[in-house]
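Because the structure is a prediction, the values reported are computed rather than measured.
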Amino acid sequence: MTGDRIERVDPPALAVVVGEHLGGAPAVEAVSTNGQVGAVFVRWPDGRRRVLTRVPGASRSLHVLRALRRGGHPVPAVEAVVPFGPDVVWVQEVLPGAPVRHVTHVLLDDVLSFNAGMDRVALPGVPAADLYLLDDGPGFCLHEPLRRYDRRSARLDARVRAVGRAHHGALPGTAAVHLDFHPGNLLTDGRRLSGVVDWGGAARGDRRFDLVTFRFGLLRTPAEPGVVERVDRILDGLAPDLLVPAWAHMSLRMTDWSIRHFGSEETERWMDLAETRDW
């Protein structure tokens, strides 16, 4: 056993629970193909269209999202929080735009501007993000799949745990951090950034961590010539105390996820990327 697959969202079940709590009977209109859990687009009989996402019951991420919203950032408003077993369902507005499928230099400028603006959001009392470099995360960042997959992945896990022993387990910093800031969670109007979604894992930390996540996301997302190199130069300028644990976390997260959800070719690609830096 190398760990269980994460169960995808059950669209009808979410719609029924939300309807019972808020009234009416929203119809499932579409299911997002981004991510591994998924989001559900529903429409009420009066024409209201909303997106439903299942998130852990802790309120940490909701505090982050609402703080960003108050600060004028292009993030969705959460209109209701509905209990759903051990988790909750966020009922959110639908932002304009479509998920990013191609990263241009203009779009990268907007991404960097958005990321810089996260420093302006105060998050008193919000817990810091845990990087899970020594212990398993809640359904992701599992170490056992790497230890058991093959020798290469076992060596990668040993490197991750060595970084964990040398660094604090929590991400330092006081800014908002998305923690899953890949292109599929960024919306565009076709040219510019129009919104950022999927804040269920948000926490407090160093917002530049999200640029490491974004760099990993570029492995799957086509980009204009020079975009990847621009991002790499930015990462080159980060202090090792941030870059090394952030890179170790993403290497663990994506390799573990690919072992449990995809084939060997995908796993090899993530390990290739993990090894492009000396950490």
Side-chain angles (χ1 to χ4, degrees), residues 34-36 99-119 129-133 137 140-141 146 153 156-157 159-160 163-164 167 171-173 175-188 192-193 195-199 201-203 205-259 261-262 265-279:
N34 289 307
Q36 296 304 310
V100 169
R101 303 298 186 195
H102 184 257
V103 180
T104 66
H105 285 278
V106 170
L107 186 62
L108 177 58
D109 290 338
D110 287 349
V111 167
L112 297 176
S113 178
F114 178 93
N115 181 257
M118 294 172 75
D119 270 336
D130 194 323
L131 297 180
Y132 306 112
L133 300 181
F140 62 93
C141 284
L146 273 71
S153 63
L156 178 59
D157 181 66
R159 291 175 67 187
V160 169
V163 172
H167 294 267
L171 184 65
V177 185
H178 185 287
L179 290 183
D180 201 17
F181 196 73
H182 62 77
N185 284 331
L186 311 180
L187 303 181
T188 176
R192 309 300 298 266
L193 184 71
V196 180
V197 297
D198 196 7
W199 290 88
D206 191 313
R207 50 92 180 168
R208 295 171 296 178
F209 172 92
D210 284 344
L211 299 181
V212 178
T213 307
F214 184 77
R215 173 62 181 88
F216 271 71
L218 290 174
L219 182 67
R220 285 177 165 176
T221 308
E224 281 185 344
V227 163
V228 171
E229 290 76 10
R230 280 182 64 190
V231 177
D232 280 337
R233 286 194 295 271
I234 292 170
L235 300 190
D236 290 342
L238 299 183
D241 282 350
L242 170 62
L243 178 59
V244 170
W247 196 267
H249 169 91
M250 289 304 304
S251 298
L252 167 65
R253 188 203 300 188
M254 300 312 301
T255 303
D256 160 52
W257 197 266
S258 65
I259 290 171
H261 294 81
F262 301 105
E265 182 177 348
E266 182 85 355
T267 299
E268 294 298 322
R269 292 180 68 200
W270 290 119
M271 289 194 288
D272 288 345
L273 178 57
E275 294 170 359
T276 58
R277 287 187 174 270
D278 182 12
W279 50 277

Checklist entry - Does NZ or CZ of Arg220 lie under 6.0 Å from the centre of the six-membered ring of Phe262, at an angle within 45° of the ring axis? => result yes
Checklist entry - Is there side-chain contact between Leu171 and His249, with at least one heavy-atom pair below 4.5 Å? => result no
Next on the checklist: With a 4.5 Å cut-off on side-chain heavy atoms, are Glu224 and His102 touching?
Outcome noted: yes
Checklist entry - What are the two closest non-hydrogen atoms of Pro183 and Gly217, and how far apart are they? => result CD-CA, 3.8 Å
Checklist entry - Parallel, tilted or perpendicular: which describes the rings of Phe181 and Phe214, with under 30° parallel and over 60° perpendicular? => result tilted
Next on the checklist: Could you tell me if the side chain of Leu273 sits less than 4.5 Å from the side chain of Met254, heavy atoms only?
Outcome noted: no
Checklist entry - Is there side-chain contact between Thr213 and Leu179, with at least one heavy-atom pair below 4.5 Å? => result no
Checklist outcome for this item: Heavy-atom closest pair (Pro99 atom, Leu187 atom, distance to 0.1 Å) is N-CD2, 3.7 Å
Next on the checklist: Using modelled atom types and a 3.5 Å cut-off, is there a donor and acceptor pairing between side-chain atoms of Trp279 and backbone atoms of Pro245?
Outcome noted: no
Item to check | Pro225 backbone acceptor or donor facing His105 side chain under 3.5 Å | outcome: yes
Item to check | From CG (Leu219) to CH2 (Trp270), nearest 0.5 Å | outcome: 4.5 Å
Checklist entry - Can you check whether Asp180 reaches Arg253 side chain to side chain, under 4.5 Å on heavy atoms? => result yes
Checklist entry - Is there a side-chain contact between Arg208 and Leu235 (heavy atoms, below 4.5 Å)? => result no
Checklist entry - So, Asp109 and Arg192, do they make that salt bridge, N to O below 4.0 Å? => result no
Checklist entry - Do the non-hydrogen side-chain atoms of Thr267 and Ser153 ever get within less than 4.5 Å of each other? => result no
Next on the checklist: Rounded to the nearest 0.5 Å, what separates atom CZ in Phe216 from atom CG in Leu211?
Outcome noted: 13.0 Å
Item to check | Aromatic ring pairing Phe114/Trp199, orientation class (parallel under 30°, perpendicular over 60°, tilted between) | outcome: tilted
Checklist entry - Looking only at atom types and distance, does a side-chain atom of His178 sit under 3.5 Å from a main-chain N or O of Arg207, one as donor and one as acceptor? => result no
Next on the checklist: Please report the interatomic distance CZ(Arg269) to CE(Met271), rounded to the nearest 0.5 Å.
Outcome noted: 13.0 Å
Checklist entry - Is the backbone N or O of Val163 less than 3.5 Å from a side-chain atom of His167, with the two atoms forming a donor-acceptor pair by type? => result no
Checklist outcome for this item: When Thr221, Val100, Val103, Asp198 are each screened for side-chain contact (heavy atoms from CB on, under 4.5 Å) with Leu186, the one that passes is Val100
Next on the checklist: For the CG atom of Asn115 and the CD1 atom of Ile234, what is their distance to the nearest 0.5 Å?
Outcome noted: 8.5 Å
Item to check | Worked verdict on Thr188 versus Leu193 for side-chain contact (heavy atoms from CB on, under 4.5 Å) | outcome: CA-CA 5 Å; Thr188 176; Leu193 184 71; 5.9 Å; no
Checklist entry - About how many Å separate CG of Leu243 and CZ of Phe209, when rounded to the nearest 0.5 Å? => result 11.0 Å
Checklist entry - Can any side-chain N or O of Asp256 pair as donor or acceptor with the backbone N or O of Cys141 at less than 3.5 Å? => result yes
Checklist entry - Roughly how far, to the nearest 0.5 Å, is the CG atom of Asp210 from the CZ atom of Arg215? => result 15.5 Å
Item to check | Glu265 atom CD, over 12 foreign heavy atoms within 6.0 Å | outcome: no
Item to check | Side-chain touch Asp236/Arg277, heavy atoms, less than 4.5 angstrom | outcome: yes
